[in-house]
Amino acid sequence: MMQDVGLVLEGGGMRGAYTAGVLDAFHDSGITFPFVTGASAGACNATSYVAGQRGRNYKVLVEYGSHPEYISLKRAVMKKELFGMDFIFDVLPNQLVPFDFASFFNSNIRFVVSTTDIDTGEPVYHDTFRSNQELLTIIRASSSLPFVAPSISVDGRNLMDGGIVDPIPLQPSIDAGNRKHVVVLTRNKDYMKKPMRLAWLLKRSLKSHPALVSAMQNRHRRYNDMVKRLERMERNNQVFIIRPKQPLEVGRIERNRSKLDALYQQGYQEAKQQKEAVVHFTSPVEEPVLSGEV
């Protein structure tokens, strides 16, 4: 396992199939990180990676992505819950695609999940999970977007999707003392996030949470600024970015299995192609020996 290198995973709903492919390629290449942080779908993918469950994310995203309980427009209208959160964060990990909690909690990898406090509009990071249920609850909170799923209460805080205020959670990796960061994005190069449409609906629906409204309205600026920062850091050899090279055909709520499988395969192959570059980037740099030193 390398040292002083963090793995940072962007969210993106079903675009997470790309990240699933990248992580399985890392697993097959023997590339492991001492530190992993993720938001939303990135956090979901990270849990299986930390637990060493190669292929589990594929089953969850690709094989079950078209399941009627996974995504439902009817449920979105009737219950204001587009994604079946109970199905995703209870039935899948506990019954259909069992999550290896023992391996997760015995892992030497430090894992940090990004969430958003909807009352303050500030990011909240979690790296301590006291039980199986608490882990699932925090991951669920990190994946709960307004209009898609309700907020989740954790330790007295009302939390939602980490991608609202920290879509690419680089800061936890920096705060952990990592000098280099491998960042997996789920958008093509030159993608620019646009301002949220229907801002009036946002203000009306979330008027009791002005900090959340402000965070949502500024989400595009925060995202675009972070991508620019990452690209500057990449030029300085502080960051290695892996992101889709081919144009995306999968959206946040994609249900087509063939498209999801293709995106997973794309992530796997593109990560494999960059294996040597990733290994070189993450290799420790030997300090030069000064004259007179042994």
Side-chain angles (χ1 to χ4, degrees), residues 8-16 37-47 71-73 75-90 111-131 133-173 175 186 193-227 252-253:
V8 181
L9 306 178
E10 180 185 5
M14 303 308 283
R15 293 193 304 272
T37 179
S40 194
C44 294
N45 272 313
T47 55
I71 300 174
S72 171
L73 294 176
R75 184 176 53 240
V77 173
M78 298 183 66
K79 298 184 178 181
K80 296 184 179 180
E81 186 178 287
L82 177 62
F83 286 84
M85 304 302 273
D86 288 339
F87 178 77
I88 296 171
F89 297 102
D90 182 6
F111 175 46
V112 177
V113 180
S114 169
T115 63
T116 297
D117 186 321
I118 67 173
D119 297 311
T120 66
E122 297 295 326
V124 180
Y125 303 111
H126 310 262
D127 65 352
T128 301
F129 313 98
R130 293 165 292 192
S131 66
Q133 186 56 49
E134 184 175 67
L135 170 64
L136 293 175
T137 298
I138 291 172
I139 299 297
R140 178 171 180 163
S142 183
S143 305
S144 298
L145 270 171
F147 308 119
V148 173
S151 63
I152 301 295
S153 178
V154 178
D155 293 335
R157 292 175 178 263
N158 296 312
L159 304 177
M160 296 198 82
D161 197 301
I164 297 173
V165 294
D166 196 6
I168 309 169
L170 174 69
Q171 195 58 46
S173 185
D175 292 344
T186 56
K193 186 177 285 294
K194 298 178 181 179
M196 185 177 181
R197 292 177 293 179
L198 301 177
W200 63 270
L201 178 60
L202 179 74
K203 291 181 179 180
R204 188 178 73 177
S205 301
L206 302 175
K207 59 184 179 181
S208 60
H209 298 288
L212 176 60
V213 172
S214 177
M216 291 289 290
Q217 290 178 320
N218 288 292
R219 190 180 178 202
H220 66 291
R221 297 189 186 92
R222 190 176 292 108
Y223 181 89
N224 295 335
D225 288 346
M226 175 54 77
V227 172
R252 177 179 289 274
I253 60 172

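- Every residue two or more places apart in sequence or in another chain that forms a side chain to side chain contact (heavy atoms under 4.5 Å, CB included) with Glu122 is listed here: Thr120.
- Within the 4.5 Å cutoff, no side-chain heavy atoms of Pro167 are placed close to those of Arg219.
- Residues forming a side chain to side chain contact (heavy atoms under 4.5 Å, CB included) with Asn218 (at least two apart in sequence, or on another chain): Ser214, Arg221, Arg222.
- We find that Asp155 and Arg130 are joined by a salt bridge, their nearest charged nitrogen and carboxylate oxygen being less than 4.0 Å apart.
- Distance check, rounded to the nearest 0.5 Å: CD1 of Ile138 to CD of Gln133 gives 10.5 Å.
- Within the 4.5 Å cutoff, side-chain heavy atoms of Ile164 are placed close to those of Leu145.
- The side chain to side chain contact (heavy atoms under 4.5 Å, CB included) search around Ser205 returns Phe147, Leu201, not counting sequence neighbours.
- Judged as a side-chain hydrogen bond (donor to acceptor under 3.5 Å, both in side chains), and not counting sequence neighbours, Arg204 has no contacts.
- The distance from atom OG of Ser40 to atom CG of Leu9, rounded to the nearest 0.5 Å, is 11.5 Å.
- Of all heavy-atom pairs between Phe111 and Ala43, the closest is CZ-O, 3.7 Å.
- The side-chain hydrogen bond (donor to acceptor under 3.5 Å, both in side chains) check on Asp119 picks up Asn158, His209, with sequence neighbours excluded.
- Checked against salt bridge (Lys or Arg N to Asp or Glu O under 4.0 Å), Arg157 has the following partners two or more places apart in sequence or in another chain: Asp117.
- In terms of heavy atoms, Ala211 sits closest to Gly121 at CB-N, 3.6 Å.
- Distance check: Thr115 OG1 to Asp161 CG gives 9.5 Å after rounding to the nearest 0.5 Å.
- Side chains of Tyr125 and Asp166: a donor-acceptor N/O pair is present below 3.5 angstrom, by distance only.
- In this structure the side chain of Val112 never reaches within 4.5 angstrom of the side chain of Pro169, judged on heavy atoms.
- Nearest heavy-atom pair, Met160 versus Ala149, reported as atom, atom and distance to 0.1 Å: CE-O, 3.2 Å.
- For the atom pair Ile71 CD1 and Met14 CE, the distance stands at 4.5 Å (nearest 0.5 Å).
- For Asn45 (side chain) and Gly16 (main-chain N/O), a donor-acceptor pair under 3.5 Å exists by modelled atom type.
- Judged as a ring-ring contact (aromatic ring centres under 6.0 Å, His included), and not counting sequence neighbours, Phe89 has no contacts.
- Within the model, atoms CZ of Phe129 and CD1 of Ile139 stand 6.0 Å from one another, a figure rounded to the nearest 0.5 Å.
- Counting only residues at least two apart or on different chains, the side-chain hydrogen bond (donor to acceptor under 3.5 Å, both in side chains) pairs with a member in residues 138-152 are Asp86-Arg140.
- The environment of CD1 in Ile253 is sparse: at most 12 heavy-atom neighbours from other residues, nucleotides or ligands sit within 6.0 Å.
- Partners of Arg252 according to the side-chain hydrogen bond (donor to acceptor under 3.5 Å, both in side chains) rule, which considers only residues two or more places apart in sequence or in another chain, do not exist here.
- Shown here for Ser153 and Gly156, the closest heavy-atom pair between the two residues is OG-N, 4.3 Å.
- Taking the side chain to side chain contact (heavy atoms under 4.5 Å, CB included) definition, one finds that Thr186 meets it with Glu10, Arg15, Thr19, sequence neighbours left out.
- In this structure, Thr116 has no side-chain hydrogen bond (donor to acceptor under 3.5 Å, both in side chains) partners at least two apart in sequence or on a different chain.
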